[in-house]
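What follows is one structure encoded as structure tokens, with my remarks underneath.
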Amino acid sequence: MTFDAHFHCDYGFDTELGEDFYANVNLVILDGAKVTIGRNCFIAPNAGIYTAGHPLDVRRRNQGLNYARPVTIGDDIWIGAGVSILPGAVIGSGAVIAAGSFVRGTIPERVICGGNPARIIREIGEQDELRYR
């Protein structure tokens, strides 16, 4: 498990990291709910994993109410620079999240996703294995 400088979290005890985890600078994890990160996960600079949110209703929000939903990140994941992973997100094993993306909902296994909100760009397949030989 390796963190480069400037790691910030809410609590830390509600975050579970798999083997061979690496986070570059400025990772933020707001772990008001469980954050589970699998093995061989690599996170680029300035990424954030957020379990916390606030009501859209102004009256409730001004009362200081908030919520937290767990985030689950599978094995063998690459998360690009500046990615925001939002409350309740699930990222399937083998996925790649493009830089600057906002992840919400469920991302399937072995796909490249990008955008705001993140959408599937394409599946990761044999052509990707051959590309770097």
Side-chain angles (χ1 to χ4, degrees):
M1 173 178 358
T2 304
F3 290 89
D4 280 348
H6 307 292
F7 166 70
H8 305 278
C9 70
D10 271 347
Y11 305 106
F13 62 81
D14 228 359
T15 297
E16 182 178 306
L17 303 175
E19 294 178 23
D20 296 321
F21 171 85
Y22 173 77
N24 210 309
V25 298
N26 298 328
L27 174 63
V28 173
I29 300 177
L30 301 185
D31 58 347
K34 181 83 171 173
V35 174
T36 305
I37 301 174
R39 65 184 186 280
N40 301 315
C41 184
F42 301 96
I43 302 179
N46 301 314
I49 301 169
Y50 309 109
T51 65
H54 300 277
L56 298 177
D57 172 65
V58 69
R59 185 174 54 80
R60 287 185 177 85
R61 186 173 59 247
N62 287 344
Q63 291 173 352
L65 298 176
N66 62 15
Y67 62 86
R69 295 191 180 112
V71 170
T72 303
I73 299 171
D75 298 329
D76 306 309
I77 303 290
W78 178 16
I79 297 170
V83 168
S84 293
I85 300 173
L86 303 178
V90 176
I91 301 175
S93 293
V96 173
I97 309 300
S101 298
F102 286 77
V103 179
R104 62 182 188 146
T106 300
I107 304 297
E109 295 184 351
R110 295 186 53 82
V111 296
I112 300 171
C113 286
N116 181 6
R119 294 177 178 86
I120 296 170
I121 296 170
R122 67 176 176 83
E123 291 184 12
I124 297 171
E126 187 177 343
Q127 75 277 11
D128 297 297
E129 293 177 23
L130 298 174
R131 183 175 183 177
Y132 298 104
R133 287 190 175 174

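Sequential numbering from 1 along the given sequence is applied to the chain's residues.
For Arg60, the CZ atom is loosely surrounded, since the number of other residues' heavy atoms within 6.0 Å does not exceed 12. More than 12 heavy atoms of other residues, nucleotides or ligands sit less than 6.0 Å from atom CG of Leu130.
Between the CG atom in Asn24 and the CZ atom in Phe42 there is a gap of 12.0 Å [rounded to 0.5 Å]. From Ile43, atom CD1 reaches atom OH of Tyr22 across 10.5 Å, with rounding to the nearest 0.5 Å. To the nearest 0.5 Å, atom CZ of residue Phe21 and atom CG of residue Leu27 are 5.5 Å apart. In this structure, CD1 in Ile124 is found 6.0 Å from CZ in Arg110, a value given to the nearest 0.5 Å. With rounding to the nearest 0.5 Å, the separation of CD1 in Ile107 from CD1 in Ile112 is 12.5 Å.
Counting only distance, with no hydrogens or angles, the side chain of Arg39 and the backbone of Asp75 share no donor-acceptor pair below 3.5 Å.
By the rule that hydrophobic residues join a cluster once side-chain heavy atoms approach within less than 4.5 Å of another member, Ile97 and Val111 end up as members of one cluster. Put simply, Val90 and Ile77 are part of two different groups of oily side chains (I, L, V, M, F, W, Y) that touch within less than 4.5 Å, one to the next.
Screening Ile37, Leu86, Thr15, Val28 against Ile49 for a side chain to side chain contact (heavy atoms under 4.5 Å, CB included) leaves a single residue, Ile37. Of the options Leu30, Val35, Ile29, Asp31, a side chain to side chain contact (heavy atoms under 4.5 Å, CB included) to Asp14 is made by Asp31 and by none of the others.
Nearest heavy-atom pair, Phe7 versus Cys9, reported as atom, atom and distance to 0.1 Å: CZ-CB, 3.8 Å. Summarising the geometry of Tyr67 relative to Pro55, their closest heavy-atom pair is CE2-N, 4.4 Å, with the distance given to 0.1 Å. Summarising the geometry of Gly114 relative to Ser101, their closest heavy-atom pair is CA-OG, 3.1 Å, with the distance given to 0.1 Å. Here the shortest heavy-atom pairing between Cys41 and Ile79 reads SG-CD1, 4.4 Å. Residues Ala95 and Pro108 share a closest heavy-atom pair of CB-O, 3.9 Å. In terms of heavy atoms, Ala52 sits closest to Pro87 at O-CG, 3.4 Å.
Classification of the Tyr11-Phe13 ring pair by plane angle, with boundaries at 30° and 60°, yields tilted.
Looking at Pro45 and Val25, their side chains come closer than 4.5 Å, going by heavy atoms from C-beta outward. Looking only at side-chain heavy atoms (C-beta outward), Val103 and Cys113 stay at 4.5 Å or farther from each other.
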Requested in this report: Please report the C-alpha distance between Arg104 and Phe102 in whole Å, then the side-chain angles of each, then the deciding distance to 0.1 Å, and finally whether the side-chain contact (heavy atoms from CB on, under 4.5 Å) criterion is met.
Outcome: CA-CA 7 Å; Arg104 62 182 188 146; Phe102 286 77; over 6 Å; no
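Sorted by first and then second residue, the side-chain hydrogen bond (donor to acceptor under 3.5 Å, both in side chains) pairs involving residues 118-130 (not counting sequence neighbours) are Arg122-Asp128.
Between the side chains of Asp76 and Asn40, a donor-acceptor pair is found at a separation under 3.5 Å.
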